[in-house]
Amino acid sequence: MRPRKKTFFSIAFARNLTVSSRQNSKSNPKFPSSSPTPSPPGLNHLKRDHAKLLRSGEILDTIAAGKLISDIAFSGAANLGYARSLFAWIQSPLNTFMWNSLIRGYAHGDDPREAISLYRQMLANGYLPNNYTFPFILKACTRINDPRVGLGVHGTLIRHGFEDFDPFIQTSLVNFYASCGSIEVAQKLFDRSPQRDVTSWNALIKAYIGCCRFSDAIRVFRLMQDRSNARADEITMLGVVSACAHLGALDMGKWVHAYVDRSRMRLTRNLGTALINMYARCGEIESASFLFREMKDKDIRTWSVMIGGFALNGLANEALDLFSEMQSAGVKPDSVTLTGVLSACSHAGLVQEGMKLFDEMRDLFLVEPTIEHYGCVVDLLGRAGELEEALALIKRMSLKPDVMLWGALLVACRVHKNVEIGEMVAKEMLVLDSQNAGAHVFLSNVYAATGKWDLVEQVRSLMKEQKIRKPPGSSSIELDGVVHEFLSGDTSHPQSDQIYRMLNEIRRRAGLIGHRPATGGVPFDIDEEDKEVCITQHSEKLALAFGLLNTEEGTVIRIVKNLRICEDCHSVMQLVSEVFDRIVVVRDRNRFHHFKNGSCSCRNYW
DNA sequence: ATAGGGTTAG
């Protein structure tokens with residue numbers, strides 16, 4: 001704003017602004033509008049409107065003043081202080097619309113708690129909330145980490161008679177309950193919603209994704225197709241594609257891709273990116289790459305997803321090449337991109353490249369290393385056997401190590417069978433999280449492997465006492481669009497007898513060419529999974545047998561596992577790929593293993 | 001005069 005154009009009122013108000021706005025409180029208190037920091041976008045225009053209303057006297061008109069407050073409050077979080085001081089200045093009676101406008105602004109801003117405090121003031125001052133108030137305030141409630149406030153708001157809206165008739169409020173409630181983990185309540189409220197349009201369905205799909213119930217998210221999508229007139233839109237598809245990606249459900253994912261084409265939905269940048277991610281997370285890296293090349297406008301996410309996809313599939317060189325290409329294209333890598341590149345290095349054992357990137361992050365890419373980046377590097381060093389170096393890195397970093405970071409080192413200690421560091425790391429983890437199942441299982445396995453049976457008993461009884469259970473190994477495999485899930489030692493599947501017969505057959509044929517199980521007699525055995533279930537019944541083996549039983553010869557068998565694949569399963573998969581002449585693709589917690597002709601794409605480095 | 005749903009990560 002040029003100084004000459006300033007009106008008396010805008011200057012007067014700009015002063016007022018410095019009192020209430022945190023942003024400007026550090027700049028020159030006398031002439032904030034001439035301070036070198038640029039005004040938030042649109043502020044000058046709003047100040048002009050404000051000045052005009054003051055000159056004409058229209059500021060006394062409730063509707064005009066309300067509109068101005070609303071415009072300012074929603075013009076960006078930085079202007080909220082301005083809106084609030086105008087609100088405080090208003091002489092004419094306030095109204096619900098003005099309160100709503102401010103609450104909306106704060107609900108979407110940096111400090112949603114302030115929306116709640118305004119809402120309370122509103123009620124305390126005798127203003128009645130209306131149907132618009134509740135979506136705003138519930139938005140704020142989903143963003144703070146305290147369900148009690150939202151529960152209270154729900155109570156208030158019931159008292160005011162707003163429950164079960166307004167679809168906007170109903171959807172806001174679905175989001176709120178989903179945000180605090182009450183998916184059942186969210187589902188019930190959805191069921192009671194009077195009209196379910198595409199937004200209501202999208203909210204429910206997102207609710208299931210939020211609690212990792214991906215199959216249910218897809219089930220909801222199917223219900224939406226079959227039982228409602230709501231037409232899926234781009235946001236629906238983003239959710240469904242994401243669910244397929246998490247599940248590794250390739251057939252479903254392909255179907256969704258075809259659906260997008262068939263319904264002539266535009267393949268937007270977001271949807272394209274989501275589909276690339278889906279293909280990459282289903283192990284179809286060629287399809288991912290093809291789609292990536294097809295896409296005209298890519299953003300940082302598109303690049304990051306593709307780089308991360310190569311990393312996940314163990315294609316480190318492709319990831320690094322694409323990283324260079326991205327920079328040549330003038331796209332600045334962000335924190336997520338670097339996570340992808342570092343994990344590519346870690347999966348391929350490219351220690352020097354990875355360390356170089358890590359050292360350059362701050363200065364060259366202007367990305368401050370986060371605990372996630374440290375996680376990649378600990379993984380990189382640890383997997384390469386440089387456990388001391390990884391430990392030293394954790395010790396000298398300025399961030400406080402979390403359980404995940406120690407966990408990365410623990411995994412490396414297990415792989416390299418390092419008891420000393422491993423024991424120390426497990427104990428560090430238990431300090432941060434005394435209930436951590438992984439650390440307990442590690443210790444118990446270490447003590448068992450080294451014959452310290454009294455200590456084994458101690459850990460075991462402690463776990464039993466505190467009801468600490470490691471999540472069981474689980475593998476899923478998709479057949480004709482249905483995802484079948486197997487737990488370790490599972491006998492609940494209708495085909496269970498056949499599956500176990502097939503497992504015997506696999507063992508017999510593997511034995512013929514010299515395979516011996518990688519445990520029992522092995523002196524040092526500290527796998528990720530509990531020893532309660534025999535490794536011959538690991539979930540990925542059950543899924544493999546199920547796949548062999550139910551698919552034609554030559555069909556690729558795709559398995560997704562929730563934990564890391566164990567050594568014995570890995571070698572069985574290799575053997576099956578040779579003996580049964582099948583391509584087997586396993587996505588474990590960490591990465592892909594593509595088995596073909598008796599060997600694995602990870603080259604036994606994982 | 002105002003409302004609800006958004007893809008990436010160890």
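A note on names: the letters A, B, ... follow the listed sequences, proteins ahead of strands, and every chain is numbered from 1.
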TODO: Using the six-membered ring wherever Trp is involved, compare the ring planes of A/Y82 and A/H50 and label them parallel, tilted or perpendicular (cut-offs 30° and 60°).
DONE: tilted

Task: Per A/M404 side chain, nearest of listed nucleotides B/dG5, B/dG10, B/dG4 - done: B/dG10

TODO: Indicate the ring-plane relationship of A/W99 and A/Y127, choosing parallel, tilted or perpendicular according to the 30° and 60° boundaries.
DONE: tilted

TODO: Using a 4.0 Å heavy-atom cut-off across all strands, classify A/N100 as base, sugar-phosphate, or nothing.
DONE: base

Open item on the list: Check for me: is A/F168 stacked on B/dG4 by the 5.5 Å centroid and 30° plane-angle rule?
Closed with: no

Task: side-chain N/O A/K67 vs B/dT2 OP1/OP2, d < 4.0 Å - done: no

Task: Full working for side chain to side chain contact (heavy atoms under 4.5 Å, CB included) between A/F162 and A/T133 - done: CA-CA 11 Å; A/F162 284 106; A/T133 314; over 6 Å; no

Open item on the list: Between A/F310 and A/F292 (judged by ring centroids, cut-off 6.0 Å), do the two rings come close enough to count as a pair?
Closed with: no

Open item on the list: What is the distance, to the nearest angstrom, from the OH atom on A/Y106 to the C1' atom on B/dA3?
Closed with: 20 Å

- [ ] For A/L173 and B/dA3, give me the distance from atom CG to atom P, rounded to whole Å.
- [x] 18 Å

Open item on the list: Measure CZ/A/F162 against P/B/dT2 and give the value in whole Å, please.
Closed with: 17 Å

Task: A/L399 CG - B/dG10 C1' separation (whole Å) - done: 14 Å

Open item on the list: Whole angstroms only, please: what is the CD-C1' distance between A/E372 and B/dT8?
Closed with: 13 Å

TODO: With heavy atoms under 4.0 Å as the rule, sort A/I371 into base, sugar-phosphate or nothing.
DONE: base

Task: Below 4.0 Å: OP1/OP2 of B/dT8 and any side-chain N or O of A/S242 - done: yes

Open item on the list: Could you report the tightest heavy-atom contact between A/D216 and A/R213, atom names first, then the distance?
Closed with: OD2-NE, 2.8 Å

TODO: Just compare B/dA3, B/dG4, B/dG10 and give me whichever is closest to any side-chain atom of A/F136.
DONE: B/dA3

Task: Residue-phosphate contact under 4.0 Å: A/H108 side-chain N/O, B/dG4 OP1/OP2 - done: yes

TODO: Determine: side-chain N/O of A/R104 to OP1/OP2 of B/dA3, distance under 4.0 Å, yes or no.
DONE: yes

Open item on the list: Of the listed nucleotides (B/dG5, B/dG10, B/dT8), which one gets closest to any side-chain atom of A/D233?
Closed with: B/dG5

TODO: Confirm from the modelled atom types if A/D197 and B/dG4 form a donor-acceptor pair under 3.5 Å, side chain to base only.
DONE: yes

Open item on the list: Taking the minimum atom-to-atom distance to the side chain of A/N277, which one of B/dA9, B/dT2, B/dG4 wins?
Closed with: B/dA9

Open item on the list: Would the base of B/dG4 count as contacting A/S200 through its side chain, where contact means a donor and an acceptor less than 3.5 Å apart?
Closed with: yes

Task: N/O donor-acceptor pair, side chain A/S172 with base B/dG4, under 3.5 angstrom - done: no

Task: Nearest-Å distance for atom pair CG/P, residues A/D71 and B/dT2 - done: 10 Å

Task: Heavy-atom donor-acceptor pair, A/E234 side-chain to B/dG6 base, under 3.5 Å - done: yes

TODO: Mind checking A/V241 for me? I need base, sugar-phosphate or nothing, with any heavy atom below 4.0 Å counting as a touch.
DONE: nothing

TODO: From the options B/dG5, B/dA3, B/dG4, select the nucleotide whose nearest atom is closest to the side chain of A/T171.
DONE: B/dG4

- [ ] Please determine, for the side chain of A/P135, which listed nucleotide (B/dA3, B/dG10, B/dA9) has the closest atom?
- [x] B/dA3

Task: Distance, rounded to the nearest Å, where A/L204 contributes CG and B/dG6 contributes C1' - done: 16 Å

Task: Residue A/D166, side-chain heavy atoms: nucleotide from B/dG4, B/dA3, B/dG10 that is nearest - done: B/dA3

Open item on the list: Side chain of A/L238 only, heavy atoms from C-beta on: which candidate in B/dG10, B/dG6, B/dA9 is closest?
Closed with: B/dG6

TODO: Look at the rings of A/F214 and A/H246 and say which category their plane angle falls in: under 30° parallel, 30 to 60° tilted, over 60° perpendicular.
DONE: parallel

TODO: Using a cut-off of strictly less than 4.0 Å, decide whether A/K139 has a side-chain nitrogen or oxygen near OP1 or OP2 of B/dA3.
DONE: no

- [ ] Give, ordered by number, those residues of residues 331-339 of chain A having at least one heavy-atom distance below 4.0 Å to an atom of DNA chain B; if nothing qualifies, reply none.
- [x] A/V336, A/T339

TODO: Send over the distance from A/M326 CE to B/dT8 C1', rounded to a whole Å.
DONE: 12 Å

Open item on the list: Less than 4.0 angstrom between a side-chain N/O of A/R591 and OP1 or OP2 of B/dG10, yes or no?
Closed with: no

Open item on the list: Could you work out, with ring-ring contact (aromatic ring centres under 6.0 Å, His included) as the rule, every residue matching A/Y208, not counting sequence neighbours?
Closed with: none

Open item on the list: Classify the ring geometry of A/F221 against A/W255: parallel below 30°, tilted from 30° to 60°, perpendicular beyond 60°.
Closed with: perpendicular

For residues 168-181 of chain A, tabulate all N or O donor-acceptor pairs below 3.5 Å that involve a side-chain atom, not counting sequence neighbours.
residue: A/Q170; atom: OE1; partner: A/D164; partner atom: N; Å: 3.2
residue: A/Q170; atom: NE2; partner: A/D164; partner atom: OD1; Å: 3.0
residue: A/Q170; atom: NE2; partner: A/L189; partner atom: O; Å: 3.3
residue: A/T171; atom: OG1; partner: A/P167; partner atom: O; Å: 2.9
residue: A/S172; atom: OG; partner: A/F168; partner atom: O; Å: 2.9
residue: A/N175; atom: ND2; partner: A/T171; partner atom: O; Å: 3.3
residue: A/Y177; atom: OH; partner: A/H154; partner atom: ND1; Å: 2.6
residue: A/S179; atom: OG; partner: A/F176; partner atom: O; Å: 2.6

